[in-house]
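Worksheet: the structure to be examined is printed underneath.
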Amino acid sequence: MTGPVILVVGARPNFMKIAPIHAELAKRGIEQILLHTGQHYDENMSKVFFDDLGMPQPDIYLGIGSGSHATQTAKVMVEFEKVCKENNPSMVIVVGDVNSTVACSMVCAKEWIPCAHVEAGLRSFDREMPEEINRLVTDAIADYLLTPSPDGDENLRNEGVAEDRIKRVGNVMIDSLFNNLERAKASTIHSDLGIEKGNYGVLTLHRPSNVDDKDAFIGILEALEKIGDRISLVFPLHPRTKNRAEQFGLTQRLESIPNIVLTGPAGYLDFVALMAESKIVLTDSGGLQEETTALGIPCLTLRENTERPVTVTEGTNTIVGNDTQVILDAANDVLDNGGKAGRIPDLWDGKTAQRIADIIEEVIG
Ligand code: UD1
């Protein structure tokens, strides 16, 4: 096959997964196109990550923007199909579980373009999560399913996926984390925000189940009001969360949490610096569950389930849901007793991009 390899990014959690793959393909002289769908478009949700990760600006930008799930997914498909027809890619790489991931993998399936899904096989078994639908559909149609952990292989086998489509490569996001940890140490975020290294918690929230539901949002705020009495909390607000707080009239209550430090979305290096020096992370993100496990920082996940169980069985993660008292008890336990120790799972070794590039070379010949 002769055409370029297209690497697809769309939303914030994709950038740190594609950056190491892009760098490895460049090192090997493999022709590639970096394509950004534009699902996330604000400078602080997108551009800053390219700069922080040392990734060149995208070769192709589709400018899709926000919209309902159907609108966003369909727009990406229409535009991505045109790109494929023009560029005749030898292979397409999609990562994670966002709308851009499923949209591009569907185009590949119909255009008979070999497609690899990086971070395949993860399942929360909760079909109310849009990401779970994206994961299921992408894994049903992508040709190469590159998994981060044994549970991913197992889930795919249980869905009847043929063994030769499953390839365990490890966790590529951890490549980015390890590659950038030293550079993150130069971040001035702690002094910028006036917080003391080692003596604060980090909080992120953006799941519809937590922030689109007013009662759930209030329940979490009640827990934060008590945790804030014990420790400073840095809370970089996702656009969805900021919008919902305004809509529900909760902005002032949010701002009044004791010792809260509210900021806009943080850049990659600043955020890594924040996590690395924190005492506790509270989150509903997927990626943070993994990054905290790799860094050995106790993580409380404010969800009922996780598609990343290895962070619980081997890592530092605890699933606490969004009940006020359960969050509070778990946070107090971490602050009093230091939280779970954990270990770094196999193949989260910073060399996943090399294993992915080996597979790409094999496919494109
Ligand atoms: C998306 C992903 C989710 C991922 C998250 C990380 C899907 C289904 N969900 O959810 O898996 O964890 O990104 O952030 O793909 N907005 C801005 N500026 C931006 C981007 C979005 O203001 O740059 C606003 C949008 O207008 C919208 C809201 O934020 O109102 C949500 O954005 P959207 O991309 O639809 O979903 P996320 O909740 O970010």
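Atom set for the values below is all heavy atoms of this structure, side chains included, hydrogens, waters and symmetry mates excluded. When a ligand or atom number is given, it counts from 1 through the structure's own listing order.
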Can you tell me which residue and heavy atom of the protein come closest to [atom], and the distance to 0.1 Å?
{"atom": "atom 6 (C) of ligand 1", "answer": "Pro13 CD, 3.5 Å"}
{"atom": "atom 8 (C) of ligand 1", "answer": "Asn99 OD1, 3.3 Å"}
{"atom": "atom 24 (C) of ligand 1", "answer": "Pro239 CB, 3.8 Å"}
{"atom": "atom 30 (O) of ligand 1", "answer": "Asn243 ND2, 4.1 Å"}

Legend entry - Contact check: His69 vs ligand 1, nitrogen or oxygen atoms, below 3.5 angstrom: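 Checking ligand 1 against His69, no N or O pair falls under 3.5 Å apart.
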Inset, instruction - Return a yes/no value for Asp42: is any of its N or O atoms, backbone included, closer than 3.5 angstrom to an N or O of ligand 1? - result: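 Yes, there is a polar N/O contact under 3.5 Å.
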Inset, instruction - Report, as yes or no, whether the 6.0 Å neighbourhood of atom CD on Gln57 holds more than 12 heavy atoms from other residues, nucleotides or ligands. - result: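 Counting other residues, nucleotides and ligands, CD of Gln57 exceeds 12 neighbours.
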Hey, which atoms in ligand 1 end up nearer than 4.0 Å to a heavy atom of [X]?
{"X": "Ser66", "result": "25 (C), 26 (O)"}
{"X": "Asp97", "result": "11 (O)"}
{"X": "Glu131", "result": "2 (C), 3 (C), 9 (N), 11 (O)"}

For [X] and [Y], does a side-chain donor sit closer than 3.5 Å to a side-chain acceptor?
{"X": "Ser66", "Y": "Gln72", "answer": "no"}
{"X": "Arg12", "Y": "Asn14", "answer": "no"}
{"X": "Ser46", "Y": "His36", "answer": "yes"}
{"X": "Asn317", "Y": "Thr311", "answer": "yes"}

Legend entry - Matching residue for Asn134 among Asp139, Asp97, Asn99, Thr73 - test: side chain to side chain donor-acceptor pair (under 3.5 Å):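 Only one of Asp139, Asp97, Asn99, Thr73 forms a side chain to side chain donor-acceptor pair (under 3.5 Å) with Asn134, namely Asn99.
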Legend entry - Part of Met45 with heavy atoms under 4.0 Å of ligand 1, whether side chain, backbone, both or neither: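 For Met45, only side-chain atoms sit under 4.0 Å from ligand 1.
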Inset, instruction - Determine whether the side chain, the backbone, both or neither of Arg207 has a heavy atom under 4.0 Å from any heavy atom of ligand 1. - result: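 Near ligand 1, Arg207 shows its side chain, while the N, CA, C and O stay back.
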Inset, instruction - Check each of Glu290, Glu314, Glu291 against Arg308 using the salt bridge (Lys or Arg N to Asp or Glu O under 4.0 Å) test, and report the only one that passes. - result: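 Per the salt bridge (Lys or Arg N to Asp or Glu O under 4.0 Å) rule, the option paired with Arg308 is Glu290, out of Glu290, Glu314, Glu291.
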